[in-house]
Amino acid sequence: MTETKWRLVIHGGAGSERIAHDNADHEASARAGLGEALDAGSTILANGGTAVDAVEAAARTLEENPCFNAGRGSVLTEQGKVELDAAIMDGRDRSAGAVSGIKTTRAPISLARRLMEHGPHVFLAGTAADRFAAGAGIEQVPNDFFILPERRRQLEEALAAGQEADPIKYGTVGAVAVDVQGNVAAATSTGGITAKRWGRVGDSPLIGAGTYADNRAAAISATGSGEYFIRAVAAHQLAERMRLGGETLQQAIDNVLADIESIGGRGGLIAVAPTGDAAWGFTTPAMYRGMADAAGRTVAIYSGDDAR
Ligand code: ASP
């Protein structure tokens, strides 16, 4: 039996408009942040660690980085608060953990993992989820900890623009990996979309919409206009196109994105298969993304940016 090569793919969000940011260094910082996340996950995979450990580590690194719309630096709700969503899934047995409306847990992806492993439920929402985290000894912080001035400015802009506002900002984070055992896993973490209303849940924490992993097909993480990814059951649709429809990873990505576009949505997908195959696609002007394997790592933002 040949040993599967490990591989890690991450995204730092698709965006629906050109990158404009108060901080001129933002793009360079985001590229550096993607590199750090790839390193965090790669170290685990290169040492024979599991895909689950690698995707949690990569997503966790991006949650801590204020450049991204996850953890600190997340976009704000209509009320000027941060409410976080996250999910993680293990392709070995399709175990999963997901949380939404997190207000005080510093590491939503680690909370999702804790839930995956210590259930008994798959999905916890709101205060109950933060309480579960506190009870499990997972660090709690005031909601203000997550809030940065740049996101306040974006909220004001969005509220002033009203219906015209384009809510998808770059920065939702995701990671998918295949380890040397050929097991896949996926993780996604986000603050959602700017000016979201109370209780809004996006695709990211919904198993099968923004996050999915199945050793029989692929591990997938999505970013983009969440409402459309939910309606298309995007990540699960991608896996089933491969498993039941015999499509390749890239064909399945392209077809799911076309399906989402046909109902009016835009965004991107990253995916890896147990064979070691990896691919991505997006229908927005850009998607922060990166890939790593034993041969090295690459980071890209715009289309046509791909080094390999
Ligand atoms: N998909 C995320 C959501 O709808 C947003 C994003 O990817 O930027 O919550």
Side-chain angles (χ1 to χ4, degrees), residues 9-21 26 30 33-34 59 62-63 65 67-71 73-78 81-88 98-103 108-109 112 123 125 146 150-151 154-155 158 165-176 186-212 220-238 253 256-257 260-261 263-271 280-289 301:
V9 184
I10 61 172
H11 70 75
S16 55
E17 55 194 38
R18 287 212 59 81
I19 297 167
H21 218 275
H26 176 76
L34 292 169
L62 293 167
E63 281 179 344
N65 189 322
C67 287
F68 298 95
N69 174 21
S74 285
V75 299
L76 305 189
T77 66
E78 195 178 33
K81 297 281 180 208
V82 163
E83 291 183 9
L84 305 164
D85 297 342
I88 192 164
V99 290
S100 70
I102 295 301
K103 295 191 185 72
I109 199 64
F123 200 130
F146 298 113
E150 165 65 9
R151 295 303 194 184
Q154 286 175 0
L155 175 64
D166 205 344
I168 317 172
K169 300 288 179 197
Y170 294 88
T172 286
V173 310
V176 293
T188 313
S189 184
T190 186
I193 55 173
T194 303
K196 65 183 181 181
R197 305 255 168 100
W198 324 271
R200 183 262 187 190
V201 178
D203 60 317
S204 309
L206 296 181
I207 301 304
T211 306
Y212 196 66
I220 301 118
S221 173
T223 170
S225 40
E227 279 66 15
Y228 297 92
F229 281 71
I230 294 171
R231 288 161 56 195
V233 201
H236 183 256
Q237 183 191 147
L238 197 162
I253 287 177
V256 170
L257 288 173
I260 290 166
E261 250 188 329
I263 53 171
R266 287 195 296 170
L269 291 160
I270 57 170
W280 52 43
F282 52 99
T283 49
T284 41
M287 178 173 78
Y288 287 107
R289 59 201 186 277
I301 298 183

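Hydrogens, waters and symmetry mates are skipped; everything else that's a heavy atom, side chains included, is used. Every number for a ligand or one of its atoms is a count from 1 in the order of the listing.
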S.K.: With the side chain counted from C-beta on, respond yes when Val99 and Phe123 share a heavy-atom pair under 4.5 Å apart, and no when they do not.
M.R.: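 No, their side chains stay 4.5 Å or more apart.
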S.K.: Between ligand 1 and Asp203, is the shortest N or O to N or O distance under 3.5 Å?
M.R.: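 Such a contact does occur with ligand 1.
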S.K.: With rounding to the nearest 0.5 Å, note down the distance linking OG1 in Thr223 to CZ in Phe229.
M.R.: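 CZ of Phe229 is found 7.0 Å from OG1 of Thr223.
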S.K.: Counting only heavy atoms, tell me which of Val75, Thr172, Asp85, Ile193 gets closest to atom 6 (C) of ligand 1.
M.R.: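 Comparing heavy atoms across Val75, Thr172, Asp85, Ile193, the nearest one to atom 6 (C) of ligand 1 lies in Thr172.
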S.K.: Any heavy-atom pair between the side chains of Ser225 and Arg231 that's under 4.5 Å?
M.R.: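 No, side chains not in contact.
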S.K.: Less than 3.5 Å between some nitrogen or oxygen of Gly226 and one of ligand 1, yes or no?
M.R.: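 Yes: some nitrogen or oxygen of Gly226 is under 3.5 Å from one in ligand 1.
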S.K.: Judging by distance only, is a nitrogen or oxygen of Gly192 under 3.5 angstrom from one on ligand 1?
M.R.: no
S.K.: Out of curiosity, is Gly224 lining ligand 1, as in a heavy atom under 4.0 Å away?
M.R.: yes
S.K.: Say whether Ser225, considering both its backbone and side-chain N or O atoms, lies within less than 3.5 Å of an N or O atom on ligand 1.
M.R.: no
S.K.: Given 3.5 Å as the limit, does a donor-acceptor pair link the side chain of Glu261 with the main chain of Thr283, or not?
M.R.: no
S.K.: Within this structure, what is the CZ-OG1 distance for the pair Arg200 and Thr77, rounded to the nearest 0.5 Å?
M.R.: 11.5 Å
S.K.: Does any N or O atom in Glu227 lie less than 3.5 angstrom from one in ligand 1, N or O only?
M.R.: no
S.K.: Checking Lys196 side chain against Gly202 main chain: does a donor-acceptor pair fall under 3.5 Å?
M.R.: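 No, the answer is negative, given that no donor and acceptor are paired below the 3.5 Å cut-off.
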S.K.: Hey, could you give me the CG/CD1 distance between Leu238 and Ile253, rounded to the nearest 0.5 Å?
M.R.: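 Spacing of CG (Leu238) from CD1 (Ile253) equals 5.5 Å.
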S.K.: Out of curiosity, Lys81 NZ to Trp198 CH2, how far, rounded to the nearest 0.5 Å?
M.R.: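 Taking NZ in Lys81 and CH2 in Trp198, the distance rounds to 15.0 Å.
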S.K.: Would you say ligand 1 has an N or O under 3.5 Å from any N or O of Asn69?
M.R.: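 Such a contact does not occur with ligand 1.
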S.K.: What part of Arg200 sits under 4.0 Å from ligand 1 if we count only heavy atoms: the side chain, the backbone, both or neither?
M.R.: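 The side chain, only.
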S.K.: Any atom of ligand 1 sitting under 4.0 Å from a heavy atom of Ser204?
M.R.: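 The answer is yes, since Ser204 has a heavy atom less than 4.0 Å from ligand 1.
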S.K.: Can you figure out which of Thr223, Ile230, Thr190 has its heavy atom closest to atom 7 (O) of ligand 1?
M.R.: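 Answer by nearest heavy atom: Thr223.
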